[in-house]
Each structure stands twice: as structure tokens, then as C-alpha cells.
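Let me begin by presenting the structure, written as C-alpha cells, before commenting on it.
All values below were derived from every heavy atom in this structure, side-chain atoms included, with hydrogens, water molecules and symmetry-related copies excluded.
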Amino acid sequence: MSTPLSADDPLSRERSHLAASRAALRAMREDVESLDIRDVTANWVNAEVLARQIDERIKALADLSDTPLFFGRLDYLHAPGADRAEGAEGERFYIGRRHVHDADGDGDPMVIDWRAPVSQPFYRASKKDPMDVALRRRFGYTRGDITAYEDEHLSDPGEAARTSKLLQQEIERPRVGPMRDIVATIQPEQDEIVRSGLGGTVCVQGGPGTGKTAVGLHRVAYLLYAHRERLARTGTLVIGPNRSFLHYIEQVLPALGELTVRQATVDDLVAHVEVRGTDDAAAAVVKGDARMAEVLRRAVYAHVTMPTEPVVVVRGSRRWRVPAYELEAIVRELLDRDIRYGAAREALPQRIAHAVLVQMERSGEAPDDRVQDAVARNSAVKAAVKAVWPPVDPAKLVLRLLTDADFLARQAEGVLSEEEQKTVLWEKPVRSVKSARWSPADAVLVDEATDLIGRTHSLGHVVLDEAQDLSPMQYRAVGRRCTTGSATVLGDLAQGTTPWATRSWEEALGHLGKRDAVIEELTAGFRVPTDVITYASRLLPHIAPGLTPVASVRENPGSFEVRAVAGDADVVAACAEALRHEGSIGLIAADARVPALADALAAAGLPHLAPGEETTAEARLTLVPASLAKGLEYDYVVLDEPRAVVDGEPDERTGLRRLYVALTRAVSGLTVTHTGPLPEQLGQDVS
């Protein structure tokens with residue numbers, strides 16, 4: 001919407017525009033609510049689909065009172081797309097989370113969606129490259145109301161470039177509740193990733209606080225805006241490491257008006273069997289190794305046997321005989337085509353029937369497709385197919401591999417060593433698939449076998465977060481969900497805390513099936529204070545020597561202290577001190593220490609939440625086992641006993657990576673408490 005420029009009472013005028021925009025959004029929502037579809041659809045199925053779409057549209061048009069409807073403004077020197085030589089008058093655009101148009105007038109936009117091309121200079125324009133923007137204005141808000149603004153005259157050579165105070169305040173603003181969007185604070189290097197095309201896969205290596213998760217979620221929102229029809233058909237999916245993490249991020253996309261993106265863990269994707277057991281580290285590593293894919297492929301196709309008897313088809317008074325050697329040629333041709341087991345099994349009766357039809361034609365008959373279908377359904381053909389290419393149940397196949405040493409040895413010969421085979425074999429016999437105590441790694445094997453038999457449905461785009469902790473077989477499981485689509489892979493090699501953690505992104509992307517992916521690195525830390533990230537980075541030479549340390553760009557240094565304490569009462573006291581500050585508080589501890597600390601908090605009368613429970617103004621302290629801390633953030637963190645965090649893992653390297661994760665969850669302040677010695681890799685005590 002082109003707005004006359006005026007210098008009279010700017011703040012009042014901007015508040016008026018906000019009020020008018022909210023009224024326009026309300027009118028847009030009321031228009032949708034008033035739609036009458038009773039006479040529009042031909043049947044109840046279409047009516048249900050349309051009603052659901054209307055309901056989703058109404059939800060997408062919700063006006064969140066505490067969320068700014070727009071956060072910036074661009075004044076262009078020329079009309080976007082116009083020939084500058086014509087001297088076209090510039091226009092003014094308000095940049096916000098969603099599009100809002102004037103319902104009473106001619107439908108001119110009052111707020112431009114942040115994803116629109118005309119909004120891009122809000123994130124990328126600079127004094128060096130103003131992108132035809134005369135002025136960029138940022139707004140400051142308090143509980144949804146405009147309280148301040150800040151101008152950058154990008155095309156004015158007399159004004160020096162400077163850091164935006166409002167931008168810095170928004171980045172450093174304390175948080176309560178789930179993760180929020182970053183549309184008002186996206187940085188140029190982040191925006192390049194967010195707006196990268198749908199056709200390519202992007203891998204983002206980002207240290208703590210670099211915003212990689214937010215970048216991945218905003219890329220989904222951008223792709224849905226730019227390719228809505230295509231992704232509506234093919235689907236989108238966000239994959240996180242656990243339920244606590246998914247709960248933490250679940251409000252980001254709805255706040256941007258995107259309500260249809262599914263969220264899941266890898267375990268959700270491969271839930272073909274009920275997981276009730278666990279593996280030790282050694283077994284999980286072997287089961288997660290990419291070599292298991294070859295073992296499973298052999299095991300599936302081991303069911304194919306070459307025919308030794310002919311097939312005789314009786315039709316009326318005639319008998320048609322397909323000799324064994326011809327049947328063998330058909331079977332070998334299907335094997336050579338390397339198509340899925342189930343697809344080949346479905347093709348086999350038609351191939352046999354075709355061989356019969358060839359004989360019919362040679363004898364002077366003129367059979368058509370109906371005859372071929374009838375022959376394919378003939379009992380003799382069905383019996384031959386069952387004998388040569390029998391059906392295979394994926395779960396039963398994996399169960400046999402894990403319980404039948406001889407069968408495993410035949411399929412794993414030259415692939416797994418004898419010791420590795422013994423490692424994955426179950427000690428006790430199992431009667432059935434239902435009674436088996438499947439582990440998470442076993443479920444991934446069943447998923448691989450399922451795909452060998454029948455193709456897995458592919459989505460248009462998949463976001464995979466905290467990817468560094470996936471095994472090669474888990475990468476393959478995710479890759480099957482985007483074989484015809486693209487992916488955004490997010491992670492930090494330094495935060496890999498599983499025995500099978502990713503060693504390089506190139507290797508991981510190969511397992512994912514996306515070798516041509518572009519790898520981007522984010523190194524500017526927006527959420528972790530300088531002293532905290534500097535302290536945590538002491539561990540990098542020991543856990544990820546090739547990575548660039550994160551450089552904090554926060555102006556507020558935050559608070560940081562390493563405190564020797566006498567016991568749990570002092571840890572509780574540190575939490576009470578942290579609660580004097582605004583924002584969320586996390587007490588992170590080794591998993592084994594959590595019960596004792598829970599008792600200490602209860603004795604002191606300090607209520608606490610579990611990870612995944614939403615913080616509120618009344619309940620701001622969360623007790624976090626170190627194993628669940630990844631991906632979560634708190635304004636203030638008390639980290640209990642670093643040595644115990646390290647010792648709680650199967651080896652020191654994994655333990656140090658777990659400690660690195662725990663140290664970098666704070667966005668405003670960190671207090672490290674310890675009764676015993678600190679890990680020597682942290683160096684001298686800085687308290």
C-alpha cells in the first residue's frame with residue numbers, strides 16, 4: 001500500500017497504521033468465517049475437505065495480541081520493479097508475519113508477508129548495498145503495542161552505518177515459554193539459507209546459539225509461501241530428536257500462519273514394531289552401521305529361488321507349458337533390474353502370463369489383455385510365484401536375522417565380522433514379532449526391510465534437526481522420506497553425543513542420499529553470551545578440533561560464574577538466585593543426579609517443571625537431565641557438577657560433548673556449580 005510520507009508525530013501515525021492493520025486482519029477473518037459452503041460442494045467428502053481448509057484459514061488469520069503484526073518498514077526510492085529512469089515515486093511497505101490487505105478499499109496490502117520478494121531488503125540491505133531502499137525502520141514493542149522505532153537511512157551517504165539497538169534488544173530479550181520465531185531479527189547470512197530454493201538440499205553446520213533451528217523452521221515457512229501448491233500435494237515434515245524438543249519448537253510455524261507441517265521424531269517414522277527394549281552401545285553401533293543395509297538386502301532376496309519345474313496353464317482344452325529355463329530367465333531379468341522385492345513379485349505373474357500369450361499367438365490365437373490378466377491369476381501361475389518369489393514380512397525377516405545365527409552368517413558373510421554378528425544376535429529365543437523386545441535400532445532395520453519390499457512415500461521437503469546424533473541407518477530412514485524432494489539438515493558436529501555420532505557432513509549426506517547438498521556454516525552466536533561460549537569452547541579441541549568456534553555478537557555480556565559448593569542445598573540456592581531474574585531458568589544435571597536434586601528443590605519449596613512442560617510466569621524453573629538438554633534454551637542456567645555429566649556417558653569424548661551441550665543452553669547467564677574437581681579440559685577455574 002503506497003502511503004503518503006509525513007514527518008508529523010511518527011510514532012502516533014505508526015500506531016494508527018497498526019490499529020488499521022489489525023482491523024483489516026479482523027475483517028479478513030470475518031469474511032472467511034461468513035462463507036456459506038452448503039450449496040458449493042457436490043458431496044459430503046468435498047464439503048468436509050473444504051470445511052477443514054476454511055477452518056485452517058481462520059486459524060492462520062488469528063491476531064495474536066502479544067505478537068507484533070508488523071515489525072519493520074521499508075521506504076523505497078523507486079517503485080519495486082519500475083524502470084528507475086522513469087523516476088517512479090517510491091513506495092512504503094510494512095513488513096510483518098503475514099499478508100494483510102485493506103478489505104474496505106481496493107485490496108491494497110497494509111502489511112507485506114516477510115517472505116515476499118519486496119520484503120527481502122529488510123534483511124539484506126546495507127549501506128554498501130541499499131537495494132534501492134531509502135529508509136529501513138524497525139519497531140520496538142511492549143506487549144504488542146508500538147513503543148519505539150529506529151531508522152536507518154541506507155541511501156544517505158552522510159549517515160554512518162551503525163548497529164540497531166532495537167534489533168539487539170529483540171535478540172537478547174528474555175524468554176518464557178516455547179521457542180519463538182525470529183522474523184524480526186533474521187540476519188543476512190541466515191536469510192540466504194532461508195530463501196534458498198526448493199530443488200536443493202542445504203546442510204547447516206551451526207554452533208550453539210547461531211539460530212540454525214530457527215533458520216530451518218523459517219525455511220519451511222518460506223518454501224510453503226513460494227511453492228504452496230506443490231508442497232500441499234507432497235507434504236512437509238520437521239524431524240526433531242525427542243518429544244521435549246518438538247514441544248519446544250511447535251509454536252514457531254503456527255505463529256507464522258503455517259498449520260499443516262507435521263512434526264515427528266525418527267522413532268515415529270519407523271514405528272512398524274513396538275519398541276520395548278534397548279541395546280548396549282556396541283550392538284547399537286553395529287545395527288546403525290550402513291553395512292546393515294547390504295545384509296538386509298541379501299536377506300530379502302535370499303527368499304528368491306530359481307524354478308526347477310515348468311508351469312503348465314490349462315485353458316479350455318489347451319495346455320500351455322512354460323519351461324523351467326524360460327522361467328529362470330524371467331526371474332533373473334527381474335533380479336537384474338534391481339527393482340523392489342514387492343514390485344518384482346507383482347510383475348512376475350504378468351511376465352509368466354506374457355510368455356503364455358506369446359505361445360498362443362504363435363499357434364494362431366489372438367489373445368488380448370484380458371486373457372493375459374486371466375492367465376496371471378491362474379492357480380498354476382500363482383503357485384509358481386509363491387514358490388519362486390514368496391511374500392516377505394519385514395519384521396519377521398529382521399527377527400530371523402537377529403535370532404538365527406546361521407541365517408545371519410550367510411547374509412552377513414564378508415560384510416560383518418563374526419564378532420559383530422555375535423554382538424547383534426539376541427541372547428534369548430523369541431516366539432513372535434509381538435513378543436519381541438524391539439530396540440530403537442531394530443525398528444530402523446525393520447523400516448529398511450520394509451522399503452526393500454515396497455517404496456516408502458516421499459515428501460516434498462524434510463527438515464532434520466540435531467542431525468549429528470543420527471546413525472547411518474537412521475539417515476537412510478530419513479532419506480527415504482525425501483527421495484523425490486529436498487531437505488534441510490541442521491546440526492553441530494561438536495554436539496554429537498551418541499556412540500555413532502556423525503563424523504563429517506559429507507559422509508552423513510551420502511547416507512541421506514543427498515551428496516550434492518550445499519553445506520553452510522553459521523558461526524555468529526546470537527543467543528549465548530560471550531563469556532559462556534568462550535568457556536564452553538575450551539572443549540572444542542578435544543571434541544571437534546576442525547570446527548570454527550562460535551563468536552558471540554551480543555552486546556550484553558550476560559553473567560557467568562563457576563562456583564564451588566558444599567552440596568545440593570547450595571545448588572538450590574543458586575537456582576533461587578537465578579529466579580530473581582526475568583525469564584526461564586534451567587537446572588541441568590547428569591541424569592543420575594536428577595532424583596536427588598528434585599528432592600532438594602521440593603524440600604526448599606521450589607516448584608519445578610520437566611523438559612517439555614511449558615514455562616509460565618508462575619513456573620519458570622525446569623529440572624533438565626543432561627541427556628535431554630540438546631536443542632533447549634533457558635535465559636539462566638545452573639549447571640550442576642560438570643564431572644558427573646562427563647562420567648555419565650560411556651566414554652570421555654561423548655561425555656565432553658554432552659558437557660559442551662549443557663554449557664551452551666544459557667542465553668543470559670550461566671552458573672556452574674561443583675563439589676568435586678572440574679574436567680581438566682575446561683582448564684583453570686575461572687571463579
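Considering only heavy atoms from C-beta on, Val270 stays 4.5 Å or farther from Val446 through its side chain. Trp426 places a side-chain heavy atom less than 4.5 Å from the side chain of Leu399. Looking at His354 and Val375, their side chains never come closer than 4.5 Å, going by heavy atoms from C-beta outward. Side-chain contact check for Thr234 versus Ser458: every heavy-atom pair is 4.5 Å or farther apart. Residues Leu256 and His218 meet the side-chain proximity criterion, which asks for heavy atoms closer than 4.5 Å. Looking only at side-chain heavy atoms (C-beta outward), Thr201 and Arg515 stay at 4.5 Å or farther from each other. Taking the side chain as every heavy atom from C-beta outward, Asp113 and Ser119 never approach each other to under 4.5 Å. Side-chain contact check for Trp500 versus Met473: every heavy-atom pair is 4.5 Å or farther apart.
Looking at Arg291 and Glu420, a side-chain N of the basic residue comes within less than 4.0 Å of a carboxylate O on the acidic one, giving a salt bridge. The pair Arg298-Glu294 meets the salt-bridge criterion, since a charged nitrogen lies less than 4.0 angstrom from a carboxylate oxygen. The pair Arg228-Glu258 meets the salt-bridge criterion, with a side-chain N (NZ, NE, NH1 or NH2) lying under 4.0 Å from an Asp/Glu carboxylate O. A salt bridge links Asp442 with Lys287: the closest approach of a Lys/Arg side-chain nitrogen to an acidic carboxylate oxygen falls below 4.0 angstrom. By the 4.0 Å N-to-carboxylate-O rule, Asp55 lies close enough to Lys59 to be salt-bridged with it.
A side-chain N or O of Thr497 and one of Asp469 form a donor-acceptor pair less than 3.5 Å apart. Side chain to side chain, Asp447 and His272 meet the donor-acceptor criterion of an N or O pair below 3.5 Å. For the 3.5 Å distance criterion, the side chains of Glu466 and Gln468 qualify, holding a donor opposite an acceptor. Under the 3.5 Å distance criterion, with hydrogens and angles disregarded, no donor-acceptor pair is assigned to the side chains of Glu274 and Trp438. Checking Thr236 against His461 by side-chain atom types alone, no donor-acceptor pair falls below 3.5 Å. Looking only at atom types and distance, the side chain of Gln372 has a donor-acceptor partner in the side chain of Gln350 under 3.5 Å away.
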For Ile330 and Leu348, run side-chain contact (heavy atoms from CB on, under 4.5 Å): C-alpha distance rounded to whole Å, both residues' side-chain angles, the deciding distance at 0.1 Å, then the answer.
CA-CA 8 Å; Ile330 293 172; Leu348 181 56; 3.7 Å; yes

side-chain contact (heavy atoms from CB on, under 4.5 Å) for Leu509 and Tyr475? Distances and angles first, verdict last.
CA-CA 8 Å; Leu509 291 166; Tyr475 276 115; over 6 Å; no

Exercise for review: May I have the step-by-step check of side-chain contact (heavy atoms from CB on, under 4.5 Å) for Leu61 and Val32, ending in yes or no?
Suggested key: CA-CA 9 Å; Leu61 291 172; Val32 180; 3.9 Å; yes

Candidate pair Thr456 and Arg481, rule side chain to side chain donor-acceptor pair (under 3.5 Å), full reasoning: CA-CA 7 Å; Thr456 302; Arg481 272 75 186 177; 4.9 Å; no

**OP:** Mind running side-chain contact (heavy atoms from CB on, under 4.5 Å) on Thr403 and Leu408 for me, showing each step along the way?
**Re:** CA-CA 8 Å; Thr403 56; Leu408 175 62; over 6 Å; no

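For Tyr222 and Trp114, the gap between ring centers reaches or exceeds 6.0 Å.
For the salt bridge (charged side-chain N to carboxylate O under 4.0 Å, His left out) test, residues two or more places apart in sequence or in another chain that qualify with Arg195 are Asp191. Partners of Asp267 under the side chain to side chain contact (heavy atoms under 4.5 Å, CB included) rule, at least two apart in sequence or in another chain, are Thr265, Pro440.
Among Val312, Val313, Val356, the one residue that satisfies the side-chain contact (heavy atoms from CB on, under 4.5 Å) test with Val381 is Val313. Remark: of the listed residues Leu402, Asp279, Val444, Asp279 is the sole one forming a side-chain contact (heavy atoms from CB on, under 4.5 Å) with Ser439.
With a 6.0 Å radius and a threshold of 12 heavy atoms from other residues, nucleotides or ligands, Asp369 has its CG atom at or below the threshold. Around the CG atom of Asp368, the shell of radius 6.0 Å holds more than 12 heavy atoms that belong to other residues, nucleotides or ligands. Residue-environment remark: CD (Glu418) stays at or below the threshold of 12 foreign heavy atoms within 6.0 Å. Counting non-hydrogen atoms of neighbouring residues, nucleotides and ligands closer than 6.0 angstrom, the CZ atom of Arg503 reaches no more than 12 such neighbours.
When all heavy atoms of Pro472 and Ala290 are compared, the closest pair comes out as CB-N, 3.7 Å. Taking all atoms of both residues into account, the shortest heavy-atom contact from Lys434 to Arg276 is O-NH2, 3.4 Å. In terms of heavy atoms, Leu632 sits closest to Leu628 at CD1-O, 3.3 Å.
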